[in-house]
**Student:** 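Sharing a structure with you now.
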Amino acid sequence: MGFKVLIVEDSKASREFIASTVEAVPGVEAFQSASGFEALKILPRHRFDLIITDINMPDINGLELINFVKKNPNYRDTPLFVITTEGREQDRAKGLALGAAEYLIKPFEPQSLEGLLRRYLKIT
Amino acid sequence: VSSPGKGLSEFVAEATEILDALSRDLLTLDERRGQEADPDLVNGIFRAAHSLKGLAGMFGQDRIATLAHASEDLLDRLRLGKVELSDPVLDAMVESLDVFQALLSECARGEATPLVAERAKELAARLPALAAPQAAVVADLLDGLNLDPQVRAVFTEYEEHRLRENLRKGVGLWRVRAGFDLSDFDQGLARLNGQLKPLGEVISTLPSAEPGDGSGIAFDLIVGSRSARHELEEAIAGLPASLAPLAGEAPDAAAPVKAKKAAGRRSRKAGAERGGGQAPALQVDEPGRAESGTQPGELGRARLGASPQPGEPGRPAPSVAPQPGELARAGLGASPQPGESGRAAPSVAPQPGESGRVALGSAPQPGNARRAGARPPPPIEAEPPLDSLADADELPAVAQLPTSATARPKQEFDTSLRSLTQTVRVDIQKLDSLMNAVGELLLVKANLQRLAESARQEGVHPVSKLFGQELHRESRSLERKLDELQKGILEVRMVPLGQVFDKLARLVRRIAREGRKEIDFAIDGGEVELDKLIVEELSDPLMHLIRNAIDHGIEPADDRAAANKARRGLVSLLAAQKGNHVVITVSDDGAGLDEERIREVAVHKGLITEAQANEMSRRELQNLIFLPGFSTAKAVSELSGRGVGLDVVKTNLAHMSGIIDIESERGRGTSLTLTLPVTLAIIRALVVAVSGRTYAVPLNSVLEIISLDAADVRTVERREVVSLRGQTLPIVRLARLFGLPERTLKRHFVVVVGLAQNRLGIAVDELLGQQDIVTKPLGGRLRQIPGISGATDLGNRLTVLVLDVGALMEEVISPERRVEFL
């Protein structure tokens with residue numbers, strides 16, 4: 001019990017949509033960051049079990065965030081999902097190459113995110 | 001995608017924000033047509049479309065998502081340099097914005113008309129053609145740049161493109177490494193960005209993946225700049241940052257220094273710049289000269305360089321193709337002047353894919369034929385051009401306009417400038433001060449409670465002087481705090497007029513282009529703040545006035561030239577605060593009103609008699625254009641459901657207790673002045689007494705108060721009037737109007753009220769003073785009583801009726817009566 005998931009997404013409505021999907025899984029708490037900078041600030045303050053990030057963000061892009069997470073011994077084992085929009089295969093491929101575990105293409109069904117969450121957090 | 005229905009308002013709110021930002025950026029881009037586009041601006045617009053697509057997708061708004069997808073594709077190619085920013089592309093983007101707004105406004109209303117859907121579909125189908133690739137793929141310059149593959153791995157496609165662009169233009173690339181405290185690195189980065197931005201472009205901000213001590217974080221900023229090293233170093237002086245060249249070549253491979261390579265042709269200027277911070281080893285190298293960077297040892301851990309490659313042959317030569325900006329400039333010819341800030345300078349050529357006109361109402365117009373011929377037929381939803389009112393009378397109905405078979409059946413829809421959301425963004429500090437005021441009120445309440453309690457326990461004993469003083473002090477304190485709270489709440493409701501002005505600027509550009517007019521649009525006073533409610537109510541009347549100025553005020557360029565006027569017409573929108581009122585002026589330097597024609601039309605339509613017309617002053621004649629039925633708009637509105645005449649503008653303004661005045665000089669132009677109260681929420685009222693009854697008159701419509709001898713009142717055509725500074729002012733006796741017993745007084749007070757262009761004197765017995773009031777509507781049956789807008793509590797437990805000045809004026813000087821009376 002007590003999983004913490006960080007959601008990094010600049011669109012408030014999308015972020016909250018993802019958060020509500022995440023929190024629909026019992027025992028999971030969603031933390032929201034509206035930008036890469038916010039994520040960099042919140043990362044050291046909690047021990048996250050999973051990170052979900054958008055790619056296109058205003059300050060640092062999602063790829064840079066993935067790189068940061070995956071290079072840092074404190075966070076590198078945290079599974080990370082990338083959310084991209086249709087048609088940005090290149091960014092998606094880069095995200096996976098940098099160590100993202102899964103990707104979701106916007107718009108996605110809440111069930112598919114929920115399934116991935118359960119799998120990675122080992123919730124049955 | 002399933003999404004909770006309650007989220008719809010969230011969706012509309014965020015989408016509105018995105019579209020507002022998009023609209024602002026597009027306007028800027030549009031104003032700078034022909035100049036090289038600011039990459040940040042283009043990227044911002046792309047990001048807006050991108051966010052909109054994601055957002056719409058999440059909320060199952062497929063119509064918006066589909067169009068956003070097509071727009072995003074086009075914009076993506078644009079920002080990646082695969083498509084040039086040509087006029088058709090820009091026009092298509094502006095059109096997309098219109099369609100987005102229409103889609104969103106339908107979505108907010110819970111509608112989905114096939115008309116708008118069709119328009120969106122058609123546009124979405126048209127966009128890919130514009131996004132078709134133009135340039136052949138050139139060898140990747142980035143391959144020539146010795147970037148650590150790991151660094152390259154985190155660049156998005158866009159960042160890579162910006163790197164390439166900078167290389168292609170021979171702009172120097174630099175890496176700025178900066179370390180900050182984790183708690184406030186964003187502020188530090190903002191400062192750094194602020195310093196670097198004037199010198200070039202910050203292409204990417206990379207957080208260093210190296211684990212710090214937990215409290216700090218380092219960033220690498222990739223910067224493109226034509227500035228010399230010492231200039232850049234000066235810029236970052238004092239900040240915890242260090243500079244190193246990224247594109248430049250270090251032939252000296254002995255040092256633990258990463259080699260940088262000049263991939264672009266360095267300008268001669270760059271050579272001169274090198275006198276700066278370091279002593280570079282220059283070498284003649286193809287294709288240009290290369291620059292070397294010898295860095296201090298600190299660079300040993302730099303991640304950006306790779307192994308030096310001495311004498312690497314066959315490095316791809318930089319492209320020498322002219323820059324897109326230059327091409328665009330060449331193609332555009334005499335387009336907008338750079339640096340003419342605050343003015344939209346629309347081009348005159350009609351755009352093939354240009355969007356429909358701005359509709360003023362909500363219902364779509366069936367089979368709009370406006371684009372049928374090569375020349376647009378006379379505008380139909382507004383007044384006839386006053387130059388040719390005689391012709392305008394025979395203005396054909398919309399259905400009779402010829403429709404050419406080749407005309408694209410353009411359809412229009414509601415693009416009211418009103419916001420879709422009912423929200424006001426508030427500075428948190430304002431809320432804090434409100435919170436403080438409430439806290440202090442609670443203290444006052446506690447004191448009053450204590451006093452009340454002690455008075456209760458003292459029983460019937462007369463209150464002591466001390467007690468009285470304390471009570472007085474507390475009540476004064478209560479008054480002050482309440483004033484503060486009231487002021488604070490009013491402030492929270494205030495929004496800058498600029499919100500509407502920005503939208504209008506975009507509109508002007510479009511109307512001008514459709515009407516083939518050359519127009520400069522000047523805006524001033526966007527910072528003036530008004531109650532949100534008024535700003536919202538104001539947007540459509542302003543749109544109408546500006547539209548009129550362009551459609552009917554400004555003459556065609558040739559006519560202007562013939563009249564010795566500048567070919568470009570000037571329409572200006574100015575706002576200024578004057579005490580508790582805001583004065584907004586919409587003026588043009590066009591043809592002006594033709595009083596003779598106005599007179600002919602008014603008489604012809606039976607609005608006034610020939611005899612009345614003969615007695616009217618120029619000003620009165622000009623004001624006839626505000627009469628309902630004067631414009632031909634009514635006939636159109638029945639067909640299209642969206643015609644708005646000036647009478648509607650006048651009525652709308654009157655609802656906001658606003659006054660409109662017109663001033664026009666034939667051949668010189670027309671100026672409409674709108675005077676509005678700053679707020680409607682709490683108003684100051686004049687309390688008057690008539691036959692022993694008390695009434696409140698909203699002070700914002702009171703112009704002056706005069707004292708009058710009963711003998712001064714004359715009766716003209718069964719109507720009481722007085723002469724006020726040479727002008728005839730109609731008088732209404734409130735007692736007589738409300739059927740109260742009239743007192744015979746030697747002297748009366750006459751409260752002169754003005755609404756829109758009308759003036760009226762209200763005769764009362766006594767003036768009791770001024771007071772802030774909050775008008776409450778009368779319930780049920782009383783609601784329909786003419787002349788009364790509501791009731792208010794005057795504080796001394798006296799409830800009085802508030803006069804509805806607008807309705808009183810209608811009652812006394814409505815056009816029908818005017819005919820009867822005058």
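All values derive from a computational prediction rather than experimental measurement. Every chain is numbered from 1 and lettered A, B, ... according to where its sequence line falls, protein lines coming before strand lines.
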**Student:** Which value, rounded to the nearest 0.5 Å, describes the distance between Asp10(A) atom CG and His50(B) atom NE2?
**Tutor:** 7.5 Å

**Student:** Please classify the contact of Asn56(A) with chain B as side chain, backbone, both or neither, using a heavy-atom distance under 4.5 Å.
**Tutor:** both

**Student:** So does Glu14(B) get a backbone contact from the side chain of Lys12(A), meaning a donor-acceptor N/O pair under 3.5 Å?
**Tutor:** no

**Student:** Pick whichever of Gly54(B), Ala56(B), Ala65(B), Gly44(B) has the most heavy-atom pairs under 4.5 Å with chain A.
**Tutor:** Gly54(B)

**Student:** Just wondering, do Asn61(A) and Tyr158(B) contact through their side chains at under 4.5 Å, heavy atoms?
**Tutor:** no

**Student:** Once rounded to the nearest 0.5 Å, what's the spacing between atom CZ of Phe37(A) and atom CG of Leu189(B)?
**Tutor:** 4.5 Å

**Student:** Can you establish whether the number of heavy atoms outside Lys121(B) located under 6.0 Å from its atom NZ is more than 12?
**Tutor:** no

**Student:** Which heavy atom of Pro207(B) sits nearest a heavy atom of Ile60(A), and at what distance?
**Tutor:** CG-CD1, 3.7 Å

**Student:** Which class fits the ring pair Phe59(B) and Phe17(A): parallel under 30°, tilted 30 to 60°, perpendicular over 60°?
**Tutor:** tilted

**Student:** Can you measure from CG (Asp186(B)) to CD (Glu38(A)) and round to the nearest 0.5 angstrom?
**Tutor:** 8.5 Å

**Student:** Which bit of Ile18(B) comes within less than 4.5 Å of chain A, counting heavy atoms only: side chain, backbone, both or neither?
**Tutor:** neither

**Student:** Distance check, rounded to the nearest 0.5 Å: Met57(A) atom CE versus Ser51(B) atom OG?
**Tutor:** 11.5 Å

**Student:** How long is the gap from CG on Leu40(A) to CZ on Phe180(B), to the nearest 0.5 Å?
**Tutor:** 12.5 Å

**Student:** Is the shortest heavy-atom distance from the side chain of Glu159(B) to the side chain of Leu63(A) under 4.5 Å?
**Tutor:** no

**Student:** Atom CD in Glu64(A), atom CZ in Phe155(B): separation rounded to 0.5 Å?
**Tutor:** 7.5 Å

**Student:** Which atoms of Glu16(A) are under 4.5 Å from chain B, going by heavy atoms: the side chain, the backbone, both sets, or neither?
**Tutor:** side chain

**Student:** Contact part of Ile66(A) toward chain B, heavy-atom cut-off under 4.5 Å: side chain, backbone, both or neither?
**Tutor:** neither

**Student:** Measure distances from Ile217(B) to the heavy atoms of chain A and classify the residue's part below 4.5 Å as side chain, backbone, both or neither.
**Tutor:** side chain

